[in-house]
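Below: the structure, in structure tokens.
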Amino acid sequence: MVRINNFGVMAKPSSSVCNIDCSYCFYLEKEKLYPNRKKQWRMNHDTLENYIRDQIQSQKSEVVEFVWQGGEPTLLGLDFFRQAVDFQEKYKGFKRIVNSLQTNGTLIDAQWASFFKEHQFLIGISIDGDRISNDTYRLSRKGKSTFDETLKGIELLKQYQVDFNTLTVVNAENVKRPLNVYAFLKRIGSQYMQFIPLVERKAVLPDSNGLTLIQPTFNGESNLAEWSVPAKAYGSFLNAIFDHWIKNDLGKIFVMNFEQTMSQMAGRPGACVFSETCGNGLAMESNGDVYSCDHYVYPEHKLGNVNQTSLIDLVNLPQNLQFGQDKLTNISTDCLACEVRHVCHGGCPKHRFEVSSDGRQNRNYLCEGFKVHFSHVVPRMADTLEMLHHQLPIKKVKQEIKKRFYS
């Protein structure tokens, strides 16, 4: 198997600890894997330093990215991230450091915004659309709306000119309102959007670790979680936004789902979800434990700990290389002759729990949605890329696309 030299790490320095209680969050219950989590949830000083030093040393690129997620990472307080930046400065040498942080935005104040601006953090805001869409599942621990607090955080980011994007979880409710969701995100100033499908299965009985949100290989009795997005509806959701975007907002608004597909069609790396193999996107818990993927934080996918083993060694363990290769070798037989396989590659292994035509449980739950989406957008994307290759102005590209596909 080919050695991995370029990889990312999703660091969760606050682990699963969060100040809100999203109904659909798959990570909250990970506290059951760490019995002492309530007392020892923060990444300590030594683990933070070991991680930052090793991440910089393990990366071949001259640009080293640090991705901070949770739970809710702002719960750690500003001093934690001031220390992180100090460690980065200490160990960076001639490399350039880039930080991004995913947050629900509710704790952002002027001090946070000023810090983010000073150190050029890219902030990802989790928001599922307008008040109705966002408050369906993203409520406080007391069952109250988090919408106004999130918008206040966004306004502060804009006031301090902090770069931010939005991450929207497409679920059973907001999938019904694609253009409303898109228009709202534009109104609040989002110029870079991500639309992530929500798919979870709940075991009737918890597994041996006490977890009920299960991985694809689970063979016990389970049901699709009620908040999961219907597969075909997800494809239609993306198509509705795409049609509006390519006619009106190409070159102005960046939608990760579309940009990465076009990148892949142009021969450049796209999203791990739609790559042939994976295994180069690690997840790290607050105590330094490293897993093959943040969707696979289960004991059988633990690779080791950054306090004992270098990240470059962990990502190249046979266990992890096999994990990444399994995405290709365990692809559904239905995918092999599929007309959109070249941009889909069977989707994320996490969602491969449907039964394929050969009886194996490895067909992606979202397959129908992917076909609806990619069959619609790929011809339009191909023409767009061709025109951009010939350096046609964006205005002319949009006019031509309207004429060819929407007249």
Note to self: Does any part of the side chain of L311, heavy atoms only, come nearer than 4.5 Å to the side chain of V306, both counted from C-beta?
What the structure shows: yes
Let me check something: any side-chain donor-acceptor pairs from residues 151-159 under 3.5 Å, sequence neighbours excluded? List them with distances.
unit_1: E155; atom_1: OE2; unit_2: K158; atom_2: NZ; d: 2.9
unit_1: K158; atom_1: NZ; unit_2: I188; atom_2: O; d: 3.0

Check: What's the verdict on side chain to side chain contact (heavy atoms under 4.5 Å, CB included) for H301 and C293, showing C-alpha distance, side-chain angles and the deciding distance?
Finding: CA-CA 8 Å; H301 294 286; C293 172; over 6 Å; no
Note to self: So that I can tick it off, tell me whether K92 and E62 are bridged by a salt bridge, with the cut-off set at under 4.0 angstrom between side-chain N and carboxylate O.
What the structure shows: no
Check: Any donor-acceptor pair under 3.5 Å linking the side chain of R141 with the backbone of C18?
Finding: yes
Check: Do M43 and L76 touch side chain to side chain, with heavy atoms closer than 4.5 Å?
Finding: no
Checklist line | Nearest-0.5 Å distance that lies between atom CE in M10 and atom CD in Q69 | finding: 4.0 Å
Check: Counting only N and O atoms by type, is there a donor-acceptor contact under 3.5 Å from the side chain of N320 to the main-chain atoms of V315?
Finding: yes
Next item on the list: Please report the closest heavy-atom contact between K60 and N5, naming both atoms and the distance.
Entry: CG-O, 3.9 Å
Check: Does the pair F81 and W68 meet the rule for a ring pair (Phe, Tyr, Trp, His ring centres under 6.0 Å), with working shown?
Finding: CA-CA 10 Å; F81 288 99; W68 308 98; 5.5 Å; yes
Notebook entry, point to check: What residues form a salt bridge (Lys or Arg N to Asp or Glu O under 4.0 Å) with K302, not counting sequence neighbours?
Noted result: D289
Next item on the list: Hey, can you tell me if H376 and Y406 have their rings parallel, tilted or perpendicular (30° and 60° cut-offs)?
Entry: perpendicular
Check: Any side-chain donor paired with an acceptor under 3.5 Å for E49 and Y91?
Finding: yes
Item checked: Test item: D243 side-chain N/O and A240 main-chain N/O as donor-acceptor pair under 3.5 Å -> no
Next item on the list: Taking atom NZ of K95 as the centre, report whether more than 12 heavy atoms of other residues, nucleotides or ligands fall under 6.0 Å from it.
Entry: yes
Item checked: Approximate separation, where rounding is to 0.5 Å, of F164 CZ and Y192 OH -> 14.0 Å
Next item on the list: Examine distances only and state if a side-chain atom of D128 and a backbone atom of V169 form a donor-acceptor pair shorter than 3.5 Å.
Entry: yes
Item checked: Check against side chain to side chain contact (heavy atoms under 4.5 Å, CB included), L392 and E400 -> CA-CA 10 Å; L392 262 68; E400 197 62 31; 5.6 Å; no
Check: Do you see a donor-acceptor pair shorter than 3.5 Å between the side chains of E72 and N104?
Finding: yes
Next item on the list: Verify whether one side chain among Q322 and D326 offers a donor that lies under 3.5 Å from an acceptor in the other.
Entry: yes
Next item on the list: Side-chain contact test, heavy atoms from C-beta onward, threshold under 4.5 Å: evaluate it for N19 versus T74 and give yes or no.
Entry: no
Margin query: Is any side-chain heavy atom of D86 closer than 4.5 Å to one of E89?
Written below: no
Item checked: Polar side-chain atom of S228 near backbone of A225 as donor-acceptor pair, under 3.5 Å -> yes
Note to self: Can a side-chain donor-acceptor contact be found between S15 and E285 if the only test is distance below 3.5 angstrom?
What the structure shows: yes
Next item on the list: State whether E226 and K202 are salt-bridged, where the test is any N-O pair (Lys NZ or Arg NE/NH1/NH2 against Asp/Glu carboxylate O) under 4.0 Å.
Entry: yes
Check: Within the side chain of K327, is there an N or O that forms a donor-acceptor pair under 3.5 Å with the backbone of S275?
Finding: yes
Next item on the list: Kindly give the heavy-atom pair with the smallest separation between Q55 and E65, and that separation in Å.
Entry: NE2-O, 3.0 Å
Next item on the list: Enter the distance from I246:CD1 to I253:CD1 here, rounded to the nearest 0.5 Å.
Entry: 14.5 Å
Check: Which residue, F237, W245, F242, forms the ring-ring contact (aromatic ring centres under 6.0 Å, His included) with F195?
Finding: F237
Check: side chain to side chain contact (heavy atoms under 4.5 Å, CB included) between D21 and L139: does it pass, once the steps are laid out?
Finding: CA-CA 6 Å; D21 191 19; L139 298 175; over 6 Å; no
Checklist line | Nearest heavy atoms of N364 and L366, plus distance in Å | finding: OD1-N, 2.8 Å
Notebook entry, point to check: Are the side chains of V290 and N305 in touch, meaning some heavy atoms are under 4.5 Å apart?
Noted result: no
Notebook entry, point to check: Are D130 and S133 linked by a side-chain donor-acceptor pair shorter than 3.5 Å?
Noted result: yes
Note to self: Check for me whether the distance between the ring centres of F87 and Y51 falls short of 6.0 Å.
What the structure shows: no
Margin query: Within the 3.5 Å criterion, strictly below it, is a donor on S310 or D313 matched to an acceptor on the partner's side chain?
Written below: no
Check: How are the rings of F274 and F374 set to each other: parallel, tilted or perpendicular (split at 30° and 60°)?
Finding: perpendicular
Checklist line | Flag for R53-N50: side-chain donor and acceptor within less than 3.5 Å | finding: yes
Next item on the list: Please round to the nearest 0.5 Å and tell me the distance separating atom CE of M193 and atom CZ of F258.
Entry: 10.0 Å
Notebook entry, point to check: From N6 CG over to S58 OG, what is the distance, rounded to the nearest 0.5 angstrom?
Noted result: 11.5 Å
Check: Can you check whether E300's main-chain N or O pairs, donor with acceptor, with Q319's side chain at less than 3.5 Å?
Finding: yes
Check: Any side-chain heavy-atom pair from Y24 and E200 closer than 4.5 angstrom?
Finding: no
Notebook entry, point to check: What are the two closest non-hydrogen atoms of R138 and S126, and how far apart are they?
Noted result: NH2-CB, 3.4 Å
Checklist line | Between CD on residue Q59 and CG on residue D54, distance to nearest 0.5 Å | finding: 9.5 Å
Margin query: Checking H345 against Q264 for the side chain to side chain contact (heavy atoms under 4.5 Å, CB included) test, could you report, in this order, the C-alpha distance in whole Å, the side-chain angles of both residues, the deciding distance, and whether it holds?
Written below: CA-CA 11 Å; H345 294 298; Q264 191 164 320; 3.7 Å; yes
Check: Between L198 and V175, is any pair of side-chain heavy atoms under 4.5 Å apart?
Finding: no
Note to self: A quick test of your reading: do over 12 heavy atoms of other residues, nucleotides or ligands sit less than 6.0 Å from CG of L179?
What the structure shows: yes
Next item on the list: Check whether any side-chain N or O of N134 sits under 3.5 Å from a backbone N or O of T146 as a donor-acceptor pair, and report yes or no.
Entry: no
Margin query: If I compare all heavy atoms of P230 with all of A172, which pair ends up nearest, and what's the gap?
Written below: CD-CA, 4.3 Å
Check: Does N362 reach the main-chain N or O of R352 with its side chain, forming a donor-acceptor pair under 3.5 Å?
Finding: no
Quiz: residues 109-119 side-chain donor-acceptor pairs under 3.5 angstrom, not counting sequence neighbours:
unit_1: D109; atom_1: OD1; unit_2: Q111; atom_2: N; d: 3.1
unit_1: D109; atom_1: OD1; unit_2: W112; atom_2: N; d: 3.0
unit_1: K117; atom_1: NZ; unit_2: Q161; atom_2: O; d: 3.0

Item checked: Close side-chain approach of V9 to V67, heavy-atom, < 4.5 Å -> no
Next item on the list: Identify the heavy atoms of S292 and L303 that sit nearest to each other, and give their distance.
Entry: OG-CD2, 3.7 Å
Notebook entry, point to check: Okay, side chain of D383, backbone of E386: is any donor-acceptor separation there less than 3.5 Å?
Noted result: no
